[in-house]
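Numbers restart at 1 for each chain; the letters A, B, ... are given by sequence-line order, proteins then strands.
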Amino acid sequence: MAKMFSYSKAEKLKSRKLMDQLFREGKTFSIFPLKVFYMQPTAILDFPVKAGVGVSSRNFKKAIHRNRVKRIMREAYRTEKNVLHDYLNLHQKQVVVFMLYIDKILPEYETIKTVMPVVLQRLVKKLNETAAANT
RNA sequence: CUACAAACCCGAACUAUCGCUCCGUACUUGUAUGGUGAGGAAAGUCUGGACAGCAAAGGGCAACCCACCGGUGAACAGCCGGAUGUUUCAGUAACAUGAAAUAAUAGAUAGUGCCACAGAAAAUAACUGCCGGCAACGGCGAUGGUGAAAACGUGGGGUAAAAGCCCACGAUGCUUUGCAGUAAUGCAUUGCAUGGGUAAACCUUGGGUGCUGUAAUGCCACGUAUAGUACCGUUUUAAGAGCGGCCCGUUCAAGGUACAGGGUAGGCAGCAACAUUGUGUAAGUAAUUGCACAGGCAGAUAAAUGAUAGUUUAGAAACAGAAUCCGGCUUACGAGGUUUGUAGUACA
RNA sequence: CGGGAUGUAGCGCAGCCCGGUAGCGCACACGUCUGGGGGGCGUGGGGUCGCAAGUUCAAAUCUUGUCAUCCCGA
């Protein structure tokens with residue numbers, strides 16, 4: 001694990017192929033105002049976590065507003081992601097995550113910042129459950 | 001001074017911590033370090049180009065666009081200057097005249113169409129009517145008061161009754177000549193004519209446009225089914241294709257079309273240095289152009305500018321985020337400033 | 001990045017090409033038939049024609065600009 005709070009190019013979900021697979025086969029859960037897609041890929045990734053954020057252009061028509069939402073989400077993920085990273089380091093797992101903002105009003109940074117740890121803890125819990133079920 | 005409207009300028013700066021894109025350097029090859037990083041509209045996509053491809057970017061029709069004159073520029077439907085109209089305001093007894101706005105602006109004397117209601121009649125001059133005549137008929141377009149618009153206007157002469165039929169003054173269109181102007185056009189002048197409006201109705205005239213767009217296009221790598229079904233065609237009179245529609249011409253042509261299915265969705269170039277930006281100066285009424293000096297100023301591909309705290313300022317808020325690149329147009333916009341106009345108040 | 005369609009009464013739509021009166025269905029109000037409801041019949045109200053400017057005597061209609069919504073292609 002590199003730096004504590006970084007969110008560099010290698011950690012971003014970029015492959016179109018992987019993304020199609022995620023939306024087709026991945027599992028989901030929602031904690032308002034976020035909806036999370038996640039799955040554990042079979043292939044070996046160059047980075048343990050591949051994470052992406054998104055907003056519907058139907059809900060936000062202006063590009064400036066979409067950029068604003070994505071920036072807030074990236075910032076929140078960057079500061080709160082240690083929970084997920086520690087878990088994955090401990091169990092030698094890898095995961096692909098995509099977080100979609102589903103509300104229609106422009107969010108404040110504080111609200112996303114309070115929701116993000118809850119989301120990541122839920123994600124860790126879900127991964128734990130599937131691991132338990134498999135064994 | 002205050003309020004409102006319009007045009008133009010400007011579109012915060014700095015420090016610390018964490019973090020992001022791209023570029024350079026170092027080495028232990030993923031870390032350190034240095035630099036770099038959105039707009040006046042990046043927007044709308046309304047336009048003009050650059051650049052690239054498309055059989056030889058063939059010809060005609062259709063379609064679409066433009067339309068006073070000159071300049072500007074790579075180009076334009078843009079911009080600048082001018083001419084002539086129209087509208088509004090000021091002004092006048094009424095003109096004249098001045099200011100502002102303006103998609104005005106080839107042709108209504110090429111042709112076709114349309115003009116509600118009212119009105120005799122909305123473009124053929126009919127009806128009513130007036131005059132002459134016994135009548136047949138002939139002459140006339142003044143009479144009719146409706147309408148947005150009624151057969152050049154006003155006054156006089158003239159006549160059986162009338163009429164640009166004639167005269168004076170004036171209006172409009174075409175035209176001759178002279179002067180001014182690069183020109184549009186203006187002023188004066190010669191002759192002829194006068195049946196409305198609409199071309200942002202069809203249209204005619206003149207000029208222009210080939211089409212598609214950086215997901216263009218070129219190259220590299222990886223991978224699948226030497227694979228299925230149906231139809232059309234193959235030595236000719238050829239199926240079909242060659243990038244919008246139709247016709248012609250021309251070139252290629254042994255495969256083509258549809259359905260179902262399988263694979264890939266990675267990389268490099270295009271791609272960031274020029275119709276470039278800033279300042280000064282010269283030419284020009286201006287748009288704009290020349291010269292000198294200085295600068296290097298985003299380059300991603302699920303897509304980079306954020307978060308927190310503090311300082312400065314009266315305040316930090318508006319509209320809003322590059323995706324091939326430039327010129328213009330249009331629209332959105334906070335606070336402050338400048339200029340102009342309108343209204344009110346106070347003082348001299 | 002490119003192409004197209006639609007804005008008319010509370011709702012769904014005509015009218016626009018070829019300019020002059022804005023209409024249809026449902027809904028609404030009143031009256032009537034019925035003991036009452038439902039339903040039928042009759043009468044009536046309600047529209048800045050998305051917004052702005054222009055052409056015209058006259059604009060929902062023609063022209064230009066603009067705003068919003070929806071759809072399509074790569």
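The pairing partner recorded for B:G24 is B:U33, the criterion being a Watson-Crick or G-U wobble arrangement whose two distances lie under 3.5 angstrom. A 3.5 Å limit on both hydrogen-bonding distances identifies no Watson-Crick or G-U partner for B:A335.
Note on A:Arg68: a side-chain N or O is less than 4.0 Å away from OP1 or OP2 of B:A307. OP1 or OP2 of B:A302 has not a single side-chain nitrogen or oxygen of A:Lys12 nearer than 4.0 Å. Remark: A:Lys9 is not in phosphate contact with B:A303, judged by side-chain N or O atoms under 4.0 Å from OP1 or OP2. Phosphate contact (OP1/OP2 of B:A307, side-chain N/O of A:Arg74, threshold under 4.0 Å): absent.
Checked by distance alone, A:Arg71 brings no side-chain donor or acceptor within 3.5 Å of a matching partner on the base of B:G19.
What separates CD of A:Glu80 from P of B:C18 is a distance of 17 Å, to the nearest Å. Rounding to whole angstrom units, CZ of residue A:Arg66 and C1' of B:A323 are separated by 14 Å. The OH atom of A:Tyr77 sits 20 Å away from the P atom of B:A307 (whole-angstrom rounding).
Here the side chain of A:Lys126 pairs no donor or acceptor atom with the backbone of A:Phe29 at under 3.5 angstrom. No donor-acceptor distance shorter than 3.5 angstrom exists from the side chain of A:Lys81 to the backbone of A:Ala76, with no hydrogens or angles considered.
B:C89 shows a glycosidic angle more than 90° from 0 and is accordingly assigned anti. Syn is the conformation of B:G40, whose glycosidic angle sits no further than 90° from 0. Syn is the conformation of B:G164, whose glycosidic angle sits no further than 90° from 0.
Within the 4.0 angstrom heavy-atom criterion, only backbone atoms of the sugar-phosphate kind lie near A:Ser8; the bases stay farther away.
Ion pairing between A:Glu75 and A:Lys113 fails under the 4.0 Å rule for side-chain N and carboxylate O.
Of the candidate nucleotides B:G19, B:U308, B:A320, B:A320 has the atom nearest to the side chain of A:Lys62. The side chain of A:Phe98 sits closest to B:A302 out of B:C18, B:A38, B:A302. Of the listed nucleotides (B:A320, B:A307, B:A38), B:A320 has the atom at the smallest distance from the side chain of A:Ile64.
Residues A:Glu110 and A:Gly54 both approach RNA chain B. Their nearest nucleotides, taken by heavy-atom distance, put A:Gly54 toward the 5′ side.
In this structure, CZ on A:Phe98 lies 8.0 Å from CG on A:Leu22, to the nearest 0.5 angstrom.
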